[in-house]
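Worksheet for the structure shown next.
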Amino acid sequence: MVILICIATFFSTLLGGLLALKFHSKLYLILGFSAGAVIGVAFFDLLPTSIELAAKAYGVREVTAMAGFGFVIYLLLDRLALHFNQHKINNIESASLRGKIAAFCLTLHSFLDGMAIGLAFHISLAIGCVVAIAVLVHDFADGINTTNVILKENGSRRNAFKWLITNAIAPLLGALSTLFYKLPAENLGLLLALISGFFLFIGASDFLPESRARHPKLITMFMTILGILTLYIVVRVAGI
């Protein structure tokens with residue numbers, strides 16, 4: 001059942017990414033939606049889940065501090081990547097390092113999603129199904145976001161598709177990894193808090209300003225709000 005669910009997440013992620021590739025000319029709208037979706041995932045999914053998972057060992061202050069730590073780590077990585085992009089060795093043309101770092105973080109999140117599915121089924125069938133539904137319904141947005149972080153940094157469609165496939169496979173690998181170990185829930189909670197800090201930076205400091213710069217119109221703002229509302233509804237419907 002776990003493998004079947006992860007195969008479903010593969011196609012959900014792939015569909016979202018292919019949609020972003022198809023409508024690349026409207027990237028500013030997709031970026032606006034992605035900004036809201038990434039911020040929504042952090043606030044409505046990752047942070048609450050991390051607090052619940054870590055509750056037995058860590059308080060809310062410790063968990064939110066880990067999210068803040070994640071934000072700072074990503075800030076440092078982003079500025080370092082920007083520095084290297086401005087001084088490319090031998091003028092090698094490739095997707096921006098900033099885009100690759102962001103895509104890696106999104107892929108890491110998808111891997112943790114798969115871990116969450118596998119670990120949840122260790123607890124009970126009911127909890128596993130709830131977590132699986134939650135992951136499945138927001139992986140569509142993950143596909144869009146992963147494609148966008150490469151395209152936004154002037155990466156090729158080929159590179160974007162490679163990262164999309166990597167992100168789509170990540171949940172399956174994460175779920176399969178749980179066949180060999182059991183990660184304590186509180187440790188998984190801290191990892192999710194760290195990732196939420198990454199997502200908050202990507203959404204608020206990267207996607208949001210970029211979408212506004214490309215097309216400073218009200219519709220861009222509405223797309224961001226739509227992204228936030230979509231993830232809120234998805235999380236509420238999934239029951240997490």
Side-chain angles (χ1 to χ4, degrees), residues 1-42 45-46 94-96 99-118 120-121 128-178 192 195 198-199 202-203 206-207 211 223 226-227 230-231 233-235 237-238 240:
M1 182 179 290
V2 173
I3 293 175
L4 289 176
I5 289 169
C6 288
I7 290 173
T9 67
F10 172 88
F11 286 107
S12 178
T13 304
L14 188 64
L15 182 60
L18 291 176
L19 180 67
L21 285 172
K22 181 176 178 60
F23 296 101
H24 178 52
S25 61
K26 300 293 184 182
L27 185 58
Y28 64 93
L29 293 177
I30 302 175
L31 281 173
F33 179 86
S34 291
V38 170
I39 292 170
V41 167
D45 183 6
L46 294 180
S94 62
S96 166
K100 290 178 179 179
I101 291 174
F104 173 78
C105 290
L106 289 165
T107 302
L108 178 60
H109 164 243
S110 293
F111 181 84
L112 293 175
D113 275 347
M115 283 177 54
I117 293 174
F121 274 100
C129 288
V130 169
V131 172
I133 292 171
V135 171
L136 180 62
V137 292
H138 83 237
D139 269 2
F140 181 81
D142 283 350
I144 293 175
N145 297 335
T146 302
T147 301
N148 278 346
V149 293
I150 298 298
L151 296 179
K152 182 182 72 65
E153 298 294 339
N154 299 316
S156 67
R157 294 170 65 90
R158 183 176 180 180
N159 271 323
F161 185 73
K162 286 180 179 178
W163 275 106
L164 174 62
I165 294 298
T166 303
N167 187 286
I169 294 173
L172 178 59
L173 297 179
L176 290 176
S177 72
T178 62
L192 290 179
I195 297 296
F198 293 169
F199 275 34
I202 293 172
D206 197 356
F207 279 175
S211 64
M223 289 300 292
L226 178 62
T230 299
L231 264 295
I233 292 171
V234 162
V235 171
V237 169
I240 61 174

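Note: hydrogens, waters and symmetry copies are ignored here, and every other heavy atom, side chains too, is used. Given the structure is predicted, the values throughout are model-derived calculations rather than measurements.
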Could you tell me whether the side chain of Thr178 and the main chain of Ala175 form a donor-acceptor pair under 3.5 Å? yes
Has the side chain of Thr13 got a donor or acceptor atom that lies under 3.5 Å from a matching backbone atom of Thr9? yes
How long is the span from the [atom1] atom in [X] to the [atom2] atom in [Y], to the nearest 0.5 Å?
| X | Y | atom1 | atom2 | result |
| --- | --- | --- | --- | --- |
| Ile165 | Phe10 | CD1 | CZ | 4.5 Å |
| Ile169 | Leu176 | CD1 | CG | 11.5 Å |
| Ser12 | Ile7 | OG | CD1 | 14.0 Å |
| Trp163 | Thr146 | CH2 | OG1 | 9.0 Å |
| Phe199 | Leu46 | CZ | CG | 6.0 Å |
| Phe198 | Leu108 | CZ | CG | 7.5 Å |

Side-chain touch [X]/[Y], heavy atoms, less than 4.5 angstrom:
| X | Y | value |
| --- | --- | --- |
| Leu14 | Leu164 | yes |
| Leu15 | Phe11 | no |
| Phe111 | Asn167 | no |

Side chain to side chain contact (heavy atoms under 4.5 Å, CB included) involving Leu21 - partner list, sequence neighbours excluded: Leu18, Thr147, Leu151, Arg157, Ala160, Phe161
Using every non-hydrogen atom in the two residues, find where Ile150 and Ala103 come nearest and quote the distance to one decimal. CD1-CB, 4.1 Å
Please report the shortest heavy-atom distance between Gly203 and Ala35, naming the atom on each side. O-CB, 3.9 Å
